[in-house]
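Both counts, for ligands and for their atoms, begin at 1 and track the order of listing. The chain is numbered in sequence order, starting from 1.
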Amino acid sequence: MKILGIETSCDETAASVVEDGVKILSNVVVSQIDIFAAYGGVIPEIAARSHLEAMMPVVEKALKDANCTWDDIDSIAVTHAPGLLGSLLIGTLTARTLAILHDKPLYATHHLKSHIYANWLNNLSEQSGNEQNQNEQKQNPEFPLLALVISGGHTQILYMPAHNDFKIIGTTHDDAIGECFDKVAKILGLPYPGGPAISNAAKNGDRNKYKFPHPKVDELDFSFSGLKTAVLRTVQKELGLPISHPSHDLKNHLTEQQVADFAASFEKTAVDILLEKLEKAKQEYPETKSIVFAGGVSANKALREAAEKKFPGCYFPELKLSGDNGAMVAAAAYYEIISGVQPTDPYSLNIYPRISIEK
Ligand code: KG4
Ligand code: ZN
């Protein structure tokens, strides 16, 4: 079964053809990062306009790279929630039109679900790949599992007893972890998106140089706005500047080494907080068989290394599938289809910029 997956929820225009939920035949991602680096963040109106320009060429390239015509495509899948309103509209209107035009069943998927299903792509179990590759490939995650979803807009721990069945057991009270990386990067004068920039700067830093407190949040929930403020106050203190000093000017006073030390110390604290909560979740759900990481922040190298030590055999998406892409959308739709979910009506499909994965 070949599914064309379309993703436009934020600032990547992406399309991909995936066979049987596992084998990526093509994966085209046009990122708007270069545009938004100049602004220090995403501007929704510009994002929507850029999607409009890139959308059809991206879909056409995805089909061409996969060596497919429309006759070869069994279904179309698209992200309809959550995300930026204008961005979601471009992807869903395109998918709806293509589904009607080519008479294909249409599946609408939740963005966080798609991030989780990136962990099923390119795995061994349902693939007949050559033997050499098989040694490096993983089996699919086993249920029940815990998924830590860490992106620019979300930080959640989900319990999944089976495919397509999600229970939120922990969530952030304020900022998402990716947002926290982006805001701390801004304080340090590092470019957008902040995650990769912090990770890069941290390579030359001392991660034990500065100590930041862990938030006191009940149960399995998170809070990251305090960590961002703790970094801000420590930078001001280190520079001998008052707390009234504008945060956008601090970067002009920091040395390269100080930036590296702050980046490394912040990254270590963020990773420790995430993994501590996950450890707690594992204790509360001892029947857990797999631990799965999902979302843009799962690209973080320090997190990957620390997680592998704490939870040997845990799952991370391939690096190129950590961020937004169409392949994960197609994979999520595949598991909806085999779970008995019916296609949606292309004439009435709606978008939901803020809906929960449990709905
Ligand atoms: O999943 P994603 O691409 O988009 C959303 O669904 O939000 O996640 C984007 C977030 C950004 O906040 C970005 O800074 C963060 O993922 N990110 C990282 C890394 N790469 C991307 N955070 C930490 N380390 C990274 N290497
Ligand atoms: Zn995402």
Side-chain angles (χ1 to χ4, degrees), residues 5-14 16 27 29-33 36-37 40-42 44 47 51 78-84 87-88 91 109-119 147-156 172 175-188 190-203 205 207 224-225 227-228 231 263-264 266-275 292-307 316-329 331-332 353-355 357:
I6 294 176
E7 156 65 41
T8 63
S9 66
C10 188
D11 58 350
E12 263 95 22
T13 318
S16 165
N27 189 27
V29 181
V30 170
S31 172
Q32 302 171 9
I33 279 177
F36 297 123
V42 178
H51 284 310
V78 66
T79 310
H80 76 135
L84 300 173
S87 293
L88 289 169
T109 63
H110 190 283
H111 187 64
L112 301 192
K113 193 191 279 191
S114 301
H115 271 305
I116 293 170
Y117 274 103
N119 285 286
L148 179 67
V149 181
I150 38 180
S151 72
H154 293 83
T155 309
Q156 292 185 334
T172 180
D175 292 354
I177 179 71
E179 193 180 350
C180 188
F181 267 87
D182 295 338
K183 287 178 175 171
V184 169
K186 230 175 188 171
I187 295 169
L188 300 179
L190 296 168
Y192 174 84
I198 291 216
S199 203
N200 204 26
K203 279 186 211 150
R207 55 200 193 129
F224 288 104
S225 74
L227 177 56
K228 167 203 65 194
V231 174
F266 159 73
E267 183 177 59
K268 179 191 186 297
T269 312
V271 167
D272 287 350
I273 293 169
L274 291 173
L275 296 184
V292 161
F293 290 79
V297 182
S298 74
N300 187 273
K301 195 158 169 269
L303 173 68
R304 285 179 178 236
E305 285 169 6
F316 277 88
E318 271 177 55
L319 216 46
K320 67 171 192 285
L321 300 172
S322 276
D324 294 348
N325 63 84
M328 66 185 195
V329 178
R354 297 183 68 84
I355 204 166
I357 195 171

Worksheet item: Quick one: which ligand 1 atoms are inside 4.0 Å of a heavy atom on G323?
Response: 3 (O)

Worksheet entry | Nearest candidate to atom 21 (C) of ligand 1, where distance is taken over non-hydrogen atoms, out of G296, G41, G195, A197 | G296

Discussion item. Contact between ligand 1 and P196 is defined here as a heavy atom of the residue under 4.0 Å from a ligand atom; is it met?
Written reply: yes

Practice prompt. Name the closest protein heavy atom to atom 2 (P) of ligand 1, giving the residue it belongs to and the distance to 0.1 Å.
Written response: D324 OD1, 3.6 Å

Worksheet item: Is any side-chain heavy atom of L319 closer than 4.5 Å to a side-chain heavy atom of R304?
Response: yes

Worksheet item: If you look at every heavy atom in P193 and P196, which pair is closest and at what distance?
Response: O-CD, 3.4 Å

Item to complete: Of the side chain and backbone of H154, name the one, both, or neither that has a heavy atom under 4.0 Å from an atom of ligand 1.
Response: neither

Worksheet item: For the residue pair F181 and F266, does the interplanar ring angle fall in the parallel (under 30°), tilted (30 to 60°) or perpendicular (over 60°) class?
Response: perpendicular

Worksheet item: Does a side-chain heavy-atom distance below 4.5 Å link D324 with V29?
Response: no

Worksheet entry | D324, N/O/S atom nearest the Zn ion (ligand 2) | OD1

Practice prompt. With heavy atoms only and a cut-off of under 4.0 Å, state how N300 meets ligand 1: side chain, backbone, both or neither.
Written response: both

Worksheet item: Numbering the atoms of ligand 1 from 1, which are under 4.0 Å from a heavy atom of G153?
Response: 7 (O)

Worksheet, complete the sentence: Nearest heavy-atom contact between T79 and L88 is O-CD2, 3.8 Å

Worksheet item: Do D182 and K186 meet the salt-bridge criterion of a basic N to acidic O distance under 4.0 Å?
Response: no

Practice prompt. State if E267 counts as touching ligand 1 under the rule of any non-hydrogen atom under 4.0 Å.
Written response: no

Discussion item. Could you report the tightest heavy-atom contact between L321 and A327, atom names first, then the distance?
Written reply: CD2-CB, 4.3 Å

Fill in: Polar atom proximity, H111 to ligand 1 (N or O, under 3.5 Å)
yes

Discussion item. For the 3.5 Å polar cut-off, considering only N or O atoms, please tell me whether S322 and ligand 1 meet it.
Written reply: no

Discussion item. Testing the basics here: between I177 and A270, what is the closest heavy-atom pair and its distance to 0.1 Å?
Written reply: CD1-CB, 3.8 Å

Fill in: Backbone or side-chain N/O/S of H111 under 2.8 Å of the Zn ion (ligand 2)
yes

Fill in: Heavy-atom pair of closest approach, residues G323 and N325
O-ND2, 2.9 Å

Item to complete: Using distance alone, determine whether D182 and ligand 1 share an N or O pair under 3.5 Å.
Response: yes

Worksheet item: Taking the side chain from H111 and the backbone from T8, do they hold a donor-acceptor pair closer than 3.5 Å?
Response: no

Worksheet item: Hey, which atoms in ligand 1 end up nearer than 4.0 Å to a heavy atom of V297?
Response: 15 (C), 16 (O), 18 (C), 22 (N), 23 (C)

Discussion item. When you compare ligand 1 with G152, is there at least one nitrogen or oxygen pair between them that comes in under 3.5 angstrom?
Written reply: yes

Worksheet item: For ligand 1, is there an N or O atom under 3.5 Å from any N or O atom of G178?
Response: yes

